[in-house]
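What you are looking at is a predicted structure, and each value in this text was computed from that prediction instead of being measured. Only heavy atoms go into these numbers, but all of them, side chains included; no hydrogens, no water, no symmetry mates.
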Amino acid sequence: MSEEFLEAEVAARGREVRRQVLGASHVESSYEVDELSRPKTQLSEYVWSKVWARPGLPLKSRSIACLAMLTALNRPRELKLHVNAALNNGLTQEEIGEVLLQAGVYCGIAAAEESFRIAQEVFRERGV
């Protein structure tokens, strides 16, 4: 098998995982970019192909890590995206709450407060 074919196969698997985790509409809209944003989109493809699609952790565990890190970094927009992803990956509301509580102990209550607010917003939007 050629290296080019393997890379195409890996990229296709990354897109498949990304659609599964984030939803097809989000993924499709992420490709509607200008020249300035194109390299960022390519970097995202790399992340999904080379990290999220790896077999070493289940998607649910990867979501747990993302929720904790995004809380620590205080990135509300990305956190909202990844609360949705966590639900798509099988986390329950209770599990998401536990992750945010754990992150709050180590990252600060202010960070956890914002993350809980965002999670509750996503739960309302999704009717869960």
Side-chain angles (χ1 to χ4, degrees):
M1 240 182 244
S2 74
E3 187 173 317
E4 188 175 293
F5 176 78
L6 289 174
E7 283 301 311
E9 192 174 286
V10 169
R13 174 69 180 131
R15 282 189 296 278
E16 175 186 319
V17 170
R18 189 174 183 206
R19 281 185 182 89
Q20 177 184 342
V21 172
L22 300 179
S25 64
H26 173 81
V27 173
E28 295 311 316
S29 68
S30 73
Y31 290 111
E32 297 168 7
V33 297
D34 57 18
E35 287 304 310
L36 177 66
S37 299
R38 191 167 316 286
K40 190 229 29 116
T41 300
Q42 291 167 331
L43 181 59
S44 289
E45 286 184 331
Y46 179 86
V47 169
W48 287 96
S49 297
K50 301 290 188 172
V51 178
W52 275 87
R54 290 175 57 86
L57 283 176
L59 295 176
K60 189 173 179 178
S61 296
R62 292 187 190 281
S63 280
I64 289 169
C66 280
L67 294 175
M69 289 183 283
L70 291 168
T71 295
L73 293 168
N74 193 20
R75 297 293 187 258
R77 186 172 175 191
E78 281 293 306
L79 180 72
K80 184 174 183 178
L81 178 68
H82 281 280
V83 169
N84 273 297
L87 291 168
N88 292 345
N89 286 334
L91 270 81
T92 65
Q93 286 179 293
E94 182 180 5
E95 289 170 324
I96 291 169
E98 289 297 322
V99 172
L100 300 180
L101 184 63
Q102 183 80 19
V105 170
Y106 290 93
C107 304
I109 196 65
E113 284 285 335
E114 179 68 4
S115 293
F116 272 101
R117 186 193 64 71
I118 290 166
Q120 290 169 329
E121 179 183 322
V122 171
F123 298 156
R124 280 191 304 277
E125 288 173 359
R126 288 183 59 153
V128 294

Show me the side-chain donor-acceptor pairs of residues 37-45 shorter than 3.5 Å, one per line, residues at least two apart or across chains.
unit_1	atom_1	unit_2	atom_2	d
Ser37	OG	Asp34	OD1	3.1
Arg38	NE	Glu35	OE2	3.2
Arg38	NH2	Glu35	OE2	3.0
Thr41	OG1	Ser37	O	3.4
Ser44	OG	Lys40	O	3.4
Glu45	OE2	Tyr31	OH	3.1

Please examine the side chains of Glu95 and Ile64, heavy atoms only from C-beta on, and report whether any two atoms are closer than 4.5 Å. no

Are Leu81 and Phe116 linked, directly or through other ILVMFWY residues, by side chains that come within less than 4.5 angstrom of each other? no

Tell me whether Glu28 at atom CD has more than 12 heavy atoms from other residues, nucleotides or ligands lying less than 6.0 Å away. yes

Distance in Å, Ile118 CD1 paired with Leu70 CG, rounded so as to fall on 0.5 Å steps: 9.5 Å

For Lys80 and Glu125, what are the C-alpha separation, side-chain angles and deciding distance, and is it a side-chain contact (heavy atoms from CB on, under 4.5 Å)? CA-CA 11 Å; Lys80 184 174 183 178; Glu125 288 173 359; 2.9 Å; yes

Looking at Ala112 and Gly104, what are the two nearest heavy atoms and their distance? CB-CA, 3.5 Å

Gln93 side chain to Val128 backbone, donor-acceptor under 3.5 Å: yes

Is a donor on one side and an acceptor on the other found under 3.5 Å between the side chain of Ser49 and the backbone of Tyr46? no

Could you tell me whether Arg117 and Glu121 make a salt bridge, using a distance below 4.0 angstrom between a side-chain N and a carboxylate O? yes

Looking at side-chain heavy atoms only, is the closest gap between Asn74 and Pro76 below 4.5 Å? yes

Does this structure show an ion pair linking Arg19 with Glu16, if we count only N-O contacts that are shorter than 4.0 Å? no

Euclidean distance, Arg75 CZ relative to Ser115 OG, rounded to 0.5 Å: 12.0 Å

Scanning both residues in full, the closest heavy-atom pair of Arg13 with Ala53 reads CG-CB, 3.8 Å

Side chain to side chain, Asn88 and Gln20, heavy atoms closer than 4.5 Å: no

Just do the side-chain contact (heavy atoms from CB on, under 4.5 Å) check on Phe123 and Ile96 with the steps written out, would you? CA-CA 11 Å; Phe123 298 156; Ile96 291 169; 4.0 Å; yes

Common cluster, Val47/Leu22, ILVMFWY with side-chain heavy-atom separation under 4.5 Å: yes

Do Leu67 and Gln102 have side chains that approach each other closer than 4.5 Å (heavy atoms only, starting at C-beta)? no

If you apply the rule side-chain contact (heavy atoms from CB on, under 4.5 Å), what do you find for Arg18 with Trp52, and how did you get there? CA-CA 8 Å; Arg18 189 174 183 206; Trp52 275 87; over 6 Å; no

ILVMFWY cluster, Leu91 and Leu101 together (side-chain gap under 4.5 Å): yes

Picking from Leu57, Asn89, Val99, Leu87, what satisfies side chain to side chain contact (heavy atoms under 4.5 Å, CB included) with Ser63? Asn89

